[in-house]
Amino acid sequence: MKNVFTIFVFLFLLSSCQTRVVSSQKPLQNNSLELYQKYTIQTNDAKVIKLEVLKLDDEKIYGKLKSGEDVVVDKSNVREAKKLDLFSSIAIAVAAIAAVVFVPI
């Protein structure tokens, strides 16, 4: 029973590390993305791009890949954008560990 709970918590933590900032319910707006933050962007053709946003204008997102390559993405081509949310991930991990340690079975 404890192993099943541990696996469930681990899978939950993996999915909670990123916060969805743009989706079909939350369209891309001027203040959706922050400069110099890392995002995982999925385009309308299902291409996934992990980049650091360097510049934004009305039509394009300019960023840099981890490899150092510059990339430009049309804002109209963005289906979904996720941002790494480290603080929430740490809080969830601490709560999960506390639950495993302090809750008797």
Side-chain angles (χ1 to χ4, degrees):
M1 178 72 178
K2 204 171 198 179
N3 288 336
V4 173
F5 180 72
T6 305
I7 292 170
F8 175 73
V9 169
F10 179 72
L11 292 174
F12 181 73
L13 290 175
L14 286 178
S15 66
S16 68
C17 291
Q18 293 187 348
T19 301
R20 186 171 293 140
V21 292
V22 175
S23 67
S24 58
Q25 288 83 22
K26 293 168 46 176
L28 182 63
Q29 297 181 7
N30 290 337
N31 62 351
S32 296
L33 304 177
E34 298 175 24
L35 293 178
Y36 307 109
Q37 296 296 319
K38 295 182 181 181
Y39 292 91
T40 302
I41 295 177
Q42 183 179 19
T43 61
N44 289 329
D45 58 353
K47 186 177 176 184
V48 177
I49 305 166
K50 294 183 179 184
L51 59 83
E52 178 182 359
V53 175
L54 299 177
K55 180 182 172 188
L56 296 168
D57 64 18
D58 292 336
E59 299 174 2
K60 300 196 183 288
I61 301 169
Y62 302 90
K64 185 173 277 198
L65 301 177
K66 196 172 191 176
S67 63
E69 181 182 345
D70 291 331
V71 65
V72 179
V73 179
D74 289 330
K75 284 186 174 181
S76 62
N77 196 23
V78 174
R79 177 191 302 175
E80 183 177 83
K82 295 179 183 178
K83 179 182 176 186
L84 181 65
D85 192 2
L86 191 59
F87 178 73
S88 295
S89 301
I90 292 172
I92 291 170
V94 168
I97 291 170
V100 170
V101 171
F102 294 116
V103 174
I105 292 183

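Worth knowing before you read on, the calculation uses all heavy atoms, side chains too, and leaves out hydrogens, waters and symmetry mates.
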Which heavy atom of Val22 sits nearest a heavy atom of Pro27, and at what distance?
CG1-C, 4.3 Å
Would a hydrophobic clustering, with Ile, Leu, Val, Met, Phe, Trp and Tyr connected at side-chain separations under 4.5 Å, put Val73 with Tyr36?
yes
Among all residues two or more places apart in sequence or in another chain, which pass the side chain to side chain donor-acceptor pair (under 3.5 Å) test with Ser32?
none
Is there a chain of hydrophobic side chains (I, L, V, M, F, W, Y, each step under 4.5 Å between heavy atoms) that links Val72 to Tyr39?
no
More than 12 foreign heavy atoms under 6.0 Å from NZ of Lys64: is that the case here?
no
If you draw a 6.0 Å radius around CG in Asn30, do more than 12 non-hydrogen atoms from other residues or ligands fall strictly inside?
no
Donor-acceptor contacts, no H, no angles, side chain residues 49-62, under 3.5 Å, sequence neighbours left out:
from, atom 1, to, atom 2, distance (Å)
Asp57, OD1, Glu59, N, 3.0
Asp57, OD1, Lys60, N, 2.6
Asp57, OD2, Tyr62, OH, 3.2
Lys60, NZ, Asp74, OD1, 2.5

Could you list the residues that satisfy salt bridge (charged side-chain N to carboxylate O under 4.0 Å, His left out) with Arg20, not counting sequence neighbours?
Glu80
For residues 28-43, which residue pairs qualify under salt bridge (Lys or Arg N to Asp or Glu O under 4.0 Å), counting only residues two or more places apart or in two chains?
Glu34-Lys83
Test of understanding: with side-chain contact (heavy atoms from CB on, under 4.5 Å), list the residues that count as partners of Ser24, not counting sequence neighbours.
none
Indicate the atoms forming the closest heavy-atom contact of Ile41 with Ala81, along with that distance.
CG1-CB, 4.2 Å
What closest approach, in Å, do Asn77 and Asp45 show between heavy atoms, and which atom pair accounts for it?
OD1-N, 4.4 Å
